[in-house]
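What follows is a single structure, written as structure tokens, with notes after it.
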Number of protein chains: 2
Amino acid sequence: MVTMENVNTHTNQNESHQTLTDKLRGVGLRATRQRLDIGSLLFSGKYRHVTAESLHDEAIAAGMKISLATIYNALNQFTDVGLLREVLVDPTRTYFDTNTSSHHHFFNIDNGHLTDIPHDEINVSCLPTLPDGQIIDGVDVLIRIKPVA
Amino acid sequence: MVTMENVNTHTNQNESHQTLTDKLRGVGLRATRQRLDIGSLLFSGKYRHVTAESLHDEAIAAGMKISLATIYNALNQFTDVGLLREVLVDPTRTYFDTNTSSHHHFFNIDNGHLTDIPHDEINVSCLPTLPDGQIIDGVDVLIRIKPVA
DNA sequence: TTTTTATTTAGAATTATTCTAAACTATTGA
DNA sequence: TCAATAGTTTAGAATAATTCTAAATAAAAA
Ligand SMILES: [Mn+2]
Ligand SMILES: [Mn+2]
Ligand SMILES: [Zn+2]
Ligand SMILES: [Zn+2]
């Protein structure tokens with residue numbers, strides 16, 4: 001007996017896989033097992049903020065067979081083609097963000113957690129004139145937060 | 001013959017030296033030759049954005065005898081006591097800022113140059129509510145700029 | 001298929017930064 | 001004034017994130 005739930009689950013997996021393969025091919029990358037594995041961790045559901053190490057740990061914990069070098073390769077390639085963006089918050093490690101739209105962040109300096117702030121929830125009235133011959137590449141607002149007291 | 005200019009220069013040097021010594025003692029640091037040298041580069045005049053390496057190069061070029069380790073020590077100590085602040089713009093190196101007041105930055109992604117934006121020239125209307133039990137430690141606005149075309 | 005080109009990965013290399021520990025210096029207080 | 005004490009400097013080793021190399025492997029093209 002095939003329930004609606006089962007059908008959906010199955011269908012979603014296929015769709016998900018297909019979507020990922022298309023997404024990778026669409027940016028000129030081969031849909032290798034490793035990239036599909038990484039992609040399934042990064043692009044299934046909610047937006048995420050990861051480091052190479054944290055993603056590698058997660059992949060290993062999920063039983064995926066993938067080297068840290070490949071994680072670095074994939075994160076950099078995904079970033080280069082616009083599937084990810086970097087977030088500068090910690091001088092000792094690079095954070096990657098699956099939300100590539102223009103948005104801002106809360107950074108919990110106590111535990112290193114990043115939280116998105118929708119673009120329209122922060123109004124940056126940018127009065128200063130740019131240096132001559134320069135244009136804006138992007139605007140990042142980082143609100144560092146910490147526990148009370 | 002002692003001109004006004006000479007007097008002033010001499011006086012300023014003394015004052016400068018005195019000020020620096022006081023500044024260091026005021027934060028509980030001994031006024032060593034190395035810290036006075038570094039301080040003279042950092043705190044004489046306009047605000048500056050430096051890296052350990054750039055400051056070391058500059059010190060050596062100025063004939064100062066000081067190791068890179070001491071530059072790192074001093075920059076970290078100065079930061080710890082509030083004489084400097086760090087600016088996050090480049091994942092590969094740490095920038096230190098002699099302007100410790102609340103302000104923002106233009107970052108030229110082409111040449112790595114930082115330019116201050118006075119605090120009051122950017123209006124950050126922060127609508128989002130903070131996660132529970134958290135307070136704001138600081139707000140950083142970074143405007144990445146690049147050459148036209 | 002066979003060939004070509006891209007990808008993965010172990011391990012070495014790189015690089016910014018920190019650490020160690022011994023020599024040196026500033027400060028203290030007799 | 002001068003030893004005692006505590007802080008500072010620094011060469012060189014260590015660390016740690018990231019990148020590189022090159023050989024094996026897998027995907028795409030022919
Ligand atoms: Mn990159
Ligand atoms: Mn520090
Ligand atoms: Zn984000
Ligand atoms: Zn500044």
Side-chain angles (χ1 to χ4, degrees), chain A residues 17-18 20-41 49-60 63-81 83-96 112, chain B residues 17-18 20-41 49-60 63-81 83-96 112:
Chain A
H17 183 276
Q18 188 52 43
L20 252 182
T21 297
D22 289 348
K23 179 179 283 200
L24 291 171
R25 293 210 172 121
V27 298
L29 293 173
R30 291 182 181 178
T32 64
R33 197 208 75 231
Q34 288 88 340
R35 287 191 184 130
L36 289 170
D37 280 350
I38 293 176
S40 76
L41 295 178
H49 305 97
V50 303
T51 65
E53 198 73 42
S54 78
L55 186 60
H56 186 241
D57 290 349
E58 185 179 339
I60 296 303
M64 297 168 176
K65 191 169 177 308
I66 188 169
S67 73
L68 183 56
T70 298
I71 297 278
Y72 273 107
N73 286 342
L75 289 175
N76 285 325
Q77 290 156 344
F78 288 6
T79 299
D80 289 343
V81 299
L83 255 34
L84 294 176
R85 53 175 281 204
E86 294 183 10
V87 186
L88 288 174
V89 286
D90 179 344
T92 71
R93 46 172 75 341
T94 300
Y95 281 75
F96 293 88
Chain B
H17 182 277
Q18 189 50 43
L20 251 181
T21 297
D22 289 348
K23 180 179 284 200
L24 291 172
R25 292 209 173 121
V27 296
L29 293 174
R30 291 184 180 176
T32 63
R33 195 208 77 230
Q34 288 87 341
R35 287 191 184 128
L36 289 171
D37 280 350
I38 293 177
S40 76
L41 294 179
H49 304 97
V50 303
T51 66
E53 196 74 42
S54 78
L55 185 60
H56 186 241
D57 289 350
E58 185 180 337
I60 296 302
M64 296 167 176
K65 192 168 176 314
I66 189 168
S67 75
L68 183 56
T70 298
I71 297 279
Y72 272 106
N73 286 342
L75 289 175
N76 284 326
Q77 290 157 343
F78 289 5
T79 300
D80 289 344
V81 299
L83 256 32
L84 294 177
R85 53 175 282 205
E86 293 183 11
V87 185
L88 287 174
V89 287
D90 179 343
T92 70
R93 47 172 82 327
T94 300
Y95 281 75
F96 294 87

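So you know, we letter chains A, B, ... as the sequences are listed, proteins then strands, and number each from 1.
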- [ ] Report yes if at least one side-chain N or O of A:Thr92 is closer than 4.0 Å to OP1 or OP2 of D:dA16; otherwise report no.
- [x] no

Open item on the list: Does C:dT9 have its OP1 or OP2 closer than 4.0 Å to a side-chain nitrogen or oxygen of A:Ser67?
Closed with: yes

Give each protein N/O atom lying under 3.5 Å from an N/O atom of nucleotides 28-30 of chain C, with the pair distance.
none

- [ ] Could you tell me the separation between the NE2 atom of A:His56 and the P atom of D:dA16, rounded to a whole number of Å?
- [x] 17 Å

Task: Annotated protein contacts, base or backbone, on nucleotides 25-30 of chain D with a non-hydrogen cut-off under 4.0 Å, one of B, S, - each - done: --BS--

- [ ] Indicate yes or no: at least one non-hydrogen side-chain atom of A:Phe96 is less than 4.5 angstrom from one of A:Leu83.
- [x] no

Task: Interatomic distance, B:Glu53 CD vs C:dT18 C1' [rounded to whole Å] - done: 15 Å

Open item on the list: Nearest heavy atom decides the nucleotide; on that basis, is A:Tyr72 or B:Ala74 closer to the 5' end of DNA chain D?
Closed with: B:Ala74

Open item on the list: Using whole Å, what does the distance between atom P of nucleotide C:dA16 and atom CD1 of B:Ile71 come to?
Closed with: 15 Å

Task: Min side-chain heavy-atom separation A:Val27-A:Lys23 under 4.5 Å - done: no

TODO: Could you tell me which residues satisfy side chain to side chain donor-acceptor pair (under 3.5 Å) with A:Asp57, sequence neighbours excluded, listed by chain and number?
DONE: none

Task: Atom pair NE2 (B:His56) and CD1 (B:Ile38), whose distance is rounded to the nearest 0.5 Å - done: 9.0 Å

Open item on the list: If you assign each of B:Arg93 and A:Gln34 to its closest nucleotide in DNA chain C, which residue comes earlier from the 5' end?
Closed with: A:Gln34

- [ ] Kindly say if B:Thr94 contacts the phosphate of C:dA16, meaning a side-chain N or O under 4.0 Å from OP1 or OP2.
- [x] no

Open item on the list: In the structure I gave you, are the side-chain heavy atoms of B:Ser54 and B:Arg93 within less than 4.5 Å of one another anywhere?
Closed with: no

- [ ] Find out whether A:Leu84 and A:Tyr95 are in side-chain contact, i.e. whether some heavy atom of one side chain is under 4.5 Å from a heavy atom of the other.
- [x] no

Open item on the list: Run the side chain to side chain donor-acceptor pair (under 3.5 Å) test against B:His49 and tell me which residues pass, sequence neighbours left out.
Closed with: B:Asp97, B:His105, B:Asp116

TODO: Starting at atom CG of A:Asn73, determine the distance to atom P of D:dA17, rounded to an integer number of angstrom.
DONE: 17 Å

- [ ] Sequence neighbours left out, what passes side-chain contact (heavy atoms from CB on, under 4.5 Å) with A:Asn73? Give chain and number order.
- [x] A:Gln77

Task: Nearest-angstrom distance from the residue atom CZ of A:Arg35 to P of C:dT9 - done: 11 Å

TODO: Rounded to the nearest angstrom, tell me the gap between atom CG in A:Asp80 and atom P in D:dT19.
DONE: 10 Å

Open item on the list: Distance check needed: D:dA16 C1' versus A:Asp90 CG, whole Å only.
Closed with: 13 Å

Open item on the list: Could you work out, with side chain to side chain donor-acceptor pair (under 3.5 Å) as the rule, every residue matching A:Thr94, not counting sequence neighbours?
Closed with: none

- [ ] Please work out if B:Thr51 contacts a base, only the sugar-phosphate, or nothing of the nucleic acid, heavy-atom cut-off 4.0 Å.
- [x] nothing

TODO: To the nearest Å, give me how far apart CG (A:Asn76) and P (D:dT18) are.
DONE: 9 Å

